[in-house]
Amino acid sequence: MARTTELRDVLAGPVLDVAPRLLGAVLRHGEVAVRLTEVEAYDGENDPGSHAFRGPTRRNATMFGPPGHLYCYFTYGMHVCCNVVCGAEGRAGAVLVRAGEVVEGIELARARRAGASDRDLARGPARLCRALGLDLGHDGVDLTAGAVRLTLGEPLAEVSTGPRVGLRGAPDRPWRFWATGERSVSAYRPAKRLPGRD
DNA sequence: CGGGCGATGTGCT
DNA sequence: GCACATCGCCCGC
């Protein structure tokens, strides 16, 4: 299928090219679909902020695999976040899916995110995964076939960039991309400082 | 709306 | 041990 081929080709490109192209794309799991409005690029072993910086481990193995798959990880003792693996196989590039707007299946998303406002349903990486019903069992799934799918949209006219959220390694690289003016973009929080540092 | 803080457990030093 | 690609709750403005 031409559509699938195009998606694979785009995701095989350099991570900094792929990241902005994921804005406006739709990530779907079953009946719930989210239009992505905020992402962050992670450049594999070259990037001190990346899970892949210290080489392959059991946890980050999916990052070193072929592009077009989902890398899911567990953090802060309770949250799951997910990335789109991209770039050449072995290069460990990944784009963290940080926020989006629920465009389909909003009732199920609301049930999964009980207590949250509609604006907050998928506003934040762990919230987005929860709204979509994604967990560690989805680590490694192929986004071009199966229940979890990615569909590209037209490139957005206006994209903003800035530093990534909550990182201590390479905090200054402006590798966070978001749809300018979008209400569903997550709040920016700088990384915690080390005590005694300024 | 925004800042401060505790929760909670896995992975790596 | 300790850091961690976070979140929800509480408080003050």
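Per chain, numbering begins at 1; letters A, B, ... match sequence-line order.
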Listing time: all N or O pairs from protein to nucleotides 10-13 of chain C that are below 3.5 Å?
none

**OP:** Go through A:Val102 and A:Val34 one step at a time and tell me if the side-chain contact (heavy atoms from CB on, under 4.5 Å) criterion holds.
**Re:** CA-CA 4 Å; A:Val102 175; A:Val34 170; 4.1 Å; yes

Original post:
Can you list the steps and then say if A:Leu143 with A:Arg149 is a side-chain contact (heavy atoms from CB on, under 4.5 Å)?
Top reply: CA-CA 4 Å; A:Leu143 293 169; A:Arg149 280 177 193 264; over 6 Å; no

Original post:
How long is the gap from CZ on A:Arg113 to CD1 on A:Ile106, to the nearest 0.5 Å?
Top reply: 12.0 Å

Subject >> Secondary-structure stems, DNA chain C, at least 3 Watson-Crick or G-U base pairs under 3.5 Å >> reply: B:1-7 with C:6-12, B:9-12 with C:1-4

Subject >> Atom of A:Ala126, atom of A:His79 and distance for their closest heavy-atom approach >> reply: CB-CB, 3.6 Å

Original post:
Can you list, by residue number, the residues of residues 83-93 of chain A that have a non-hydrogen atom closer than 4.0 angstrom to DNA chain C?
Top reply: A:Asn83

Original post:
So A:Phe177 and A:Val95, side-chain contact (heavy atoms from CB on, under 4.5 Å) or not? Walk me through it.
Top reply: CA-CA 10 Å; A:Phe177 301 82; A:Val95 177; over 6 Å; no

Original post:
What string of B, S and - do you get for nucleotides 8-13 of chain B, 5' to 3', when a contact is any protein heavy atom under 4.0 Å?
Top reply: BBS-SS

**OP:** Give the rounded distance in Å between these two atoms: CZ of A:Arg176 and C1' of C:dT6.
**Re:** 14 Å

Original post:
Do A:Leu36 and A:Leu96 belong to the same hydrophobic cluster, where Ile, Leu, Val, Met, Phe, Trp and Tyr are linked whenever their side-chain heavy atoms lie under 4.5 Å apart, directly or via other members?
Top reply: no

Subject >> Members of residues 105-125 of chain A that approach DNA chain C, where some heavy atom sits under 4.0 Å away >> reply: A:Arg113, A:Gly124, A:Pro125

Original post:
Taking all non-hydrogen atoms of both residues, which atom of A:Leu23 and which atom of A:Ala179 are closest, and how far apart?
Top reply: CD1-N, 4.0 Å

Subject >> Atom pair NE2 (A:His51) and OG1 (A:Thr62), whose distance is rounded to the nearest 0.5 Å >> reply: 12.5 Å

Subject >> side-chain contact (heavy atoms from CB on, under 4.5 Å) assessment of A:Thr37 paired with A:Arg123 >> reply: CA-CA 9 Å; A:Thr37 56; A:Arg123 184 171 179 247; over 6 Å; no

Original post:
Is the shortest side-chain N/O distance from A:Arg98 to OP1 or OP2 of C:dT6 below 4.0 Å?
Top reply: yes

Original post:
With centres under 5.5 Å and planes under 30°, do A:Tyr73 and C:dA5 count as stacked?
Top reply: no

Original post:
Between A:Phe53 (CZ) and C:dC4 (C1'), how many Å, whole number?
Top reply: 16 Å

Subject >> Shared hydrophobic cluster, A:Leu16 / A:Leu156 (ILVMFWY, side-chain heavy atoms < 4.5 Å) >> reply: yes

**OP:** Could you state the atom-to-atom distance from CG of A:Leu136 to P of C:dA5 in whole Å?
**Re:** 15 Å

**OP:** Please check if atom CZ in A:Arg119 has more than 12 non-hydrogen atoms from other residues, nucleotides or ligands closer than 6.0 Å.
**Re:** yes

**OP:** Sequence neighbours left out, what passes side-chain contact (heavy atoms from CB on, under 4.5 Å) with A:Ala25? Give chain and number order.
**Re:** A:Leu150, A:Leu152

Subject >> A:Met63 with A:Leu22, same ILVMFWY side-chain cluster at under 4.5 Å >> reply: no

Original post:
Out of curiosity, A:Arg112 CZ to A:Arg130 CZ, how far, rounded to the nearest 0.5 Å?
Top reply: 9.5 Å

Original post:
What is the distance from atom OG1 of A:Thr151 to atom CZ of A:Arg35, rounded to the nearest 0.5 Å?
Top reply: 13.5 Å

